Amino acid sequence: MINLIVSGACGQMGRTILRLAAEQPEAFCVLGGVDPSGLAESEGVAVVADIFDAPRNADIVIDFSRPAALPKILQYCQNTGARLVVGTTGLTEQDQRLLEHACAVVPIFQSGNMALGVNLQIELLKKASAALGDAFDVEITEKHHNRKVDAPSGTALMLANAISSQYPQGRQYVFGRHSMDCRRTKTEIGFHSIRGGTVVGEHKVEFFGKDEVVSIDHKAYSKQVFATGALRAAKFIMNKQPGIYNMHDLVTEREVLSHLYTDDGQAVITISSLPRQVGVLSLVFETIAKHSVFVDMISMAAQCGSVSFSLPREQLATALNALNELRPKFEGLDIHALDNTTKLTVEGPGMALRHGVAGQLFTVLSEAGVGLELITTSETKISCCIKNSDVSTALDAISKHFEL
Ligand SMILES: NC(=O)c1ccc[n+]([C@@H]2O[C@H](COP(=O)([O-])OP(=O)(O)OC[C@H]3O[C@@H](n4cnc5c(N)ncnc54)[C@H](O)[C@@H]3O)[C@@H](O)[C@H]2O)c1
């Protein structure tokens, strides 16, 4: 259960976050809201004007308010040990420096756009910029409702920063072209802000080339997409060390483990006391291959002179008979078989980008009392053989820990 304080509680985003948090009572408990609007309550939650009057036992402050709120919020977090999710846009360089200073002690999640789709747009823009290069002129048009106070939007700046990062010299930002009596340069990104009605948020990035235009757009149809992202960010930041995190970190962590599956009917053979001489392993596996045994995972501890491998359970007897042929050649050979195992595999593209996944997985399994008989890994996959009787415990523990 995460104890929340919502700053900007009476605003559009604040109210949406309060509503969504109330729909997840098992995950969130809202302790209160902060908003100087004069209202004493928002979505059934008590609101105070000053964060220093809010309950001091919050795990996380979620802020969607105004940049002026930031110094007090950071002070509150430093005083109480609360973590911070910042969605407020229009922060100045000085505000950004405050965040960078505070993140030495406070875990902070900051994103000018908490929608997952915008994160994808950013990745597509990086690819498009790298592919299209200097031959295309880049212009960003953003549209928002008539109550938005900052321009350009924080998201437009995030998109431009992603594009600029693809050029060694970066890009210059030009905000509107009123009164500019000169041609655009090749190295600029133009920003255009439109405000009106109830538009939630639209960002269109156009790459203008000779006789062709490439456009990469995102449209948000409700504030809910941002609120959902903010609550995801709150869960993400709960177990993080001090530092600044963003949507990219959240998305890659979510994809660290995306698939979990099992393959039962496996057996594991371990051969120990193998002599440390060249050609021993080829002799072992050639011998079983001659009997048409399919070997799957192989793991070896050369220093200990032992090798383990998995195979279909129905081929265990054949493999053991074949290995007995080796006994006269290697004195004291120790062959151990386990015939009631299941291969459990976890997979995810984000594993290649993140360290510590194997450590987390083995901790989860050992805390659940699950022993490992054999392990193999690749860049994006970890497979282990476990006893059949441990399978449901292992699946529960992994699914819960990695939110699969
Ligand atoms: N990161 C994102 O995904 C995302 C999405 C939408 C909006 N935003 C940003 O979030 C902020 C709020 O957006 P909104 O649409 O809810 O605006 P809003 O105007 O509806 O609400 C802002 C609220 O903040 C309150 N406020 C003003 N000063 C405050 C202070 N010092 N402490 C606490 N509350 C204070 C106001 O009284 C108001 O109720 C804006 O900066 C907006 O650009 C970010």
Side-chain angles (χ1 to χ4, degrees), residues 4-20 32-43 45-54 58 61-77 84-92 95-96 98-99 108-122 142-159 161 193 195-203 218-234 236-237 244-248 250-251:
L4 289 181
I5 296 262
V6 176
S7 163
C10 301
Q12 294 193 57
M13 279 305 301
R15 289 199 310 272
T16 313
I17 290 166
L18 291 176
R19 273 198 299 276
L20 275 191
V34 181
D35 200 305
S37 62
L39 298 171
E41 137 342 291
S42 176
E43 303 294 329
V45 169
V47 173
V48 293
D50 189 324
I51 193 165
F52 291 152
D53 296 327
V61 177
I62 299 186
D63 174 52
F64 283 77
S65 60
R66 293 282 175 269
L70 189 66
K72 270 194 176 182
I73 294 174
L74 289 174
Q75 196 58 56
Y76 172 94
C77 290
L84 175 61
V85 173
V86 193
T88 301
T89 59
L91 300 185
T92 61
D95 295 327
Q96 209 54 48
L98 284 179
L99 281 172
I108 297 173
F109 188 102
Q110 185 194 14
S111 175
N113 195 310
M114 303 269 178
L116 283 181
V118 164
N119 201 69
L120 172 64
Q121 189 185 20
I122 285 174
E142 51 101 349
K143 295 182 192 170
H144 283 88
H145 50 90
N146 56 19
R147 298 180 62 237
K148 185 163 177 68
V149 288
D150 55 317
S153 68
T155 305
L157 288 168
M158 278 166 62
L159 301 177
N161 291 343
S193 299
R195 297 289 174 265
T198 56
V199 180
V200 174
E202 297 184 12
H203 292 87
H218 179 268
K219 291 181 185 173
Y221 289 105
S222 85
K223 295 258 175 194
Q224 194 150 326
V225 290
F226 310 120
T228 303
L231 291 175
R232 273 200 192 124
F236 169 88
I237 199 93
I244 292 204
Y245 302 86
N246 59 28
M247 283 311 274
H248 180 74
L250 185 150
V251 170

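Quick caveat: nothing in here was measured; it's all calculated off a predicted structure. Every number for a ligand or one of its atoms is a count from 1 in the order of the listing.
- Taking CD1 from Ile244 and CG from Leu84, the interatomic distance works out to 9.0 Å, rounded to the nearest 0.5 Å.
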Between side-chain atoms of residues 7-20 and protein atoms elsewhere (two or more places apart, or another chain), which donor-acceptor pairs fall under 3.5 Å?
from  : atom 1 : to    : atom 2 : distance (Å)
Ser7  : OG     : Asp63 : OD1    : 2.8
Arg15 : NH1    : Cys10 : O      : 2.7
Thr16 : OG1    : Gln12 : O      : 2.7
Arg19 : NH1    : Glu43 : OE2    : 3.0

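- Protein residues having a heavy atom under 4.0 Å from any atom of ligand 1 are Ser7, Gly8, Cys10, Gly11, Gln12, Met13, Val34, Asp35, Pro36, Ser37, Phe64, Ser65, Arg66, Ala69, Gly87, Thr88, Thr89, Ser111, Gly112, Asn113, Met114, Arg147, Lys148, Asp150, Lys223, Phe226, listed by chain and number.
- Contacts of Phe236 classified as ring pair (Phe, Tyr, Trp, His ring centres under 6.0 Å), with partners at least two apart in sequence or in another chain: Phe109, Tyr245.
- No side-chain donor from either of His144 and Ser153 sits under 3.5 Å from a side-chain acceptor of the other.
- Other residues, nucleotides and ligands place no more than 12 heavy atoms under 6.0 Å from the NZ atom of Lys143.
- For Phe64, the ring pair (Phe, Tyr, Trp, His ring centres under 6.0 Å) test picks out no residue, with sequence neighbours left out.
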